[in-house]
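Worksheet: the structure to be examined is printed underneath.
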Amino acid sequence: MTGTRLEIDLNALRHNYAYMRSKIARGVKMMGVVKAFGYGSEAVAVALELETLGIDYFAVAYAPEGVVLRDAGVQTPILVLHPQPDNFEAIVSHHLEPSLYSHRVLSIFSEFIKEKKLSNYPVHLKFNTGLNRLGFLASDIEVVLDRFRESALLKVQSIFSHLVASEDLTEKDFTRQQISDFKLLSKQFISGLGYVPFLHETNTSGVINYPEAHFDCVRVGIGLYGYGNTPEETNNLQPVARLKSVISQLHHLESGESVGYNRAFVAEGNIVTATLPIGHADGISRALGNSVGCVTISGKTAPIIGNVCMDMLMVDVTGIECQEGSEVEFFGTSSNAETFAQKTNSISYEVLTSIGQRIRRYVIEL
Ligand SMILES: *Cc1c(COP(=O)(O)O)cnc(C)c1O
C-alpha cells in the first residue's frame, strides 16, 4: 500500500444496508442513492454490491452517472433525479428512468419518446412540497394528468417528493405538513391516472425519523455510506470510506523556522513535521490549515500546520512515533467524516463528495 488512498469497505456497506433495511417494513422498496461517484466512494463497486444484496432501485443525479453504471453491467432500474434535455438520448439508450419535474421537461421528453416511436417509457414524477428546488406543484396535477391521458408514450413508475429537514426535529411540523401534502397530492394524481405508481418521499434521516413517510419506497444515500445525521445513528452504522495517506518526508525544525507558503506556521521550539501527499486539489479544504484540521498517526493526533497546498500538506508530528512511509488517517476508523467536517462547519456529505478523483480508490471486499 503506497500513497494516498480511499479505502472502500464493502463489508461496512453490507452492514449499513442491513441496518437501513431493518428500519423499514418488509415490502417497502429501497432505492440506493449512488450519485456523485457513490458519495465520493466508488459508485460502480457500491452499486454492484448493493445489487447483489437485493437493492430494488438506484438513483443518480445526472444521466452520465447512470450511463457509467449501465456500462459496468448494473441491471437494476436507475432513476435519474435531475435529467437535462441534452441527456435524453443517453437516458433512453441506457434504459435510465428520468424524473420529470417541470412542464418543459415533461413536454420535451414526451416529444422525444414520440420521435423514437417508443411507448410506455418509465418515468417518475417529482412534486415540490416545500423544498422549492425541483418539482410540479399540486396545482399542476390536472395539466400533467392531461398529458398522460392524451397518449401512452410515458408510464408513471413512481410519484415522489423530497423532505426539507428530515434530520432536524425542530422542523417536525413542517415535515409532517410535507408528508400530508404528499399523501393528498399523490392520491389525487392516482385517481386521475387510473393505475398505481409507487410512492416515495424520504431520504436517510426520514427513514429514521419518520416511519409514517416510508410509503412504498425509501431513498437511502448517506446511511449506506455510514452516516446517520446524529451521533447515535452514525454509531449504528460503519463508515464505508476511509481516507488514508502516508508520510512522504520528515523535517526536523528549530525554533523560528517556518512551514509552508507565506510562512503561515512558525515553530516555537524544536519540532518534527511530516509532509503528506494530499492537498486542496484532493478535497482537503484550505480552511483545515493552521491547526483547524488534524490527522491520526500511530493512534495520535497530528495537527495540520500552515497553509494547505494544492498537492501536499504538512502536519506536526513532534513526539509521535512515525517515519517516512508511515500510515496516516484523515478519517474512517479513528475519527469519522462527520467530525472531520464539523471543523470547517461542513457536513459529512460535502467532505465525502469532495475527495478528488486523483485519489485512488481501493475496494476492500472482506
Ligand atoms: C441525494 C438525495 C437523496 C439521498 O439523501 P440522503 O440524505 O443521503 O439519504 C434522496 N433523495 C433525493 C431527491 C436526493 O437528491
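As the structure lists them, so they are numbered: ligands from 1, and atoms in each ligand from 1.
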- Query: Is the distance between the ring centroids of Phe160 and His200 less than 6.0 Å?
  - Reply: yes

- Got a sec, which residues hit side-chain hydrogen bond (donor to acceptor under 3.5 Å, both in side chains) with Tyr57, two or more places apart in sequence or on another chain? Glu97

- Query: If you draw the axis of the six-membered ring of Phe198, does the NZ or CZ of Lys29 fall within 45° of it and under 6.0 Å from the ring centre?
  - Reply: yes

- Message: Hydrogens and angles aside, do Ser334 and Glu329 bring a side-chain donor and acceptor to less than 3.5 Å of each other?
- Response: yes

- Qualifying residues under side-chain hydrogen bond (donor to acceptor under 3.5 Å, both in side chains), relative to His103, sequence neighbours excluded: Asp140

- Select all protein residues for which some heavy-atom-to-ligand 1 distance is less than 4.0 Å, and list them by chain and number. Val33, Lys35, Tyr39, Leu81, Arg133, His162, Asn203, Thr204, Arg219, Val220, Gly221, Ile222, Tyr349

- Tell me, please, which residues at least two apart from Phe174 pass ring-ring contact (aromatic ring centres under 6.0 Å, His included). none

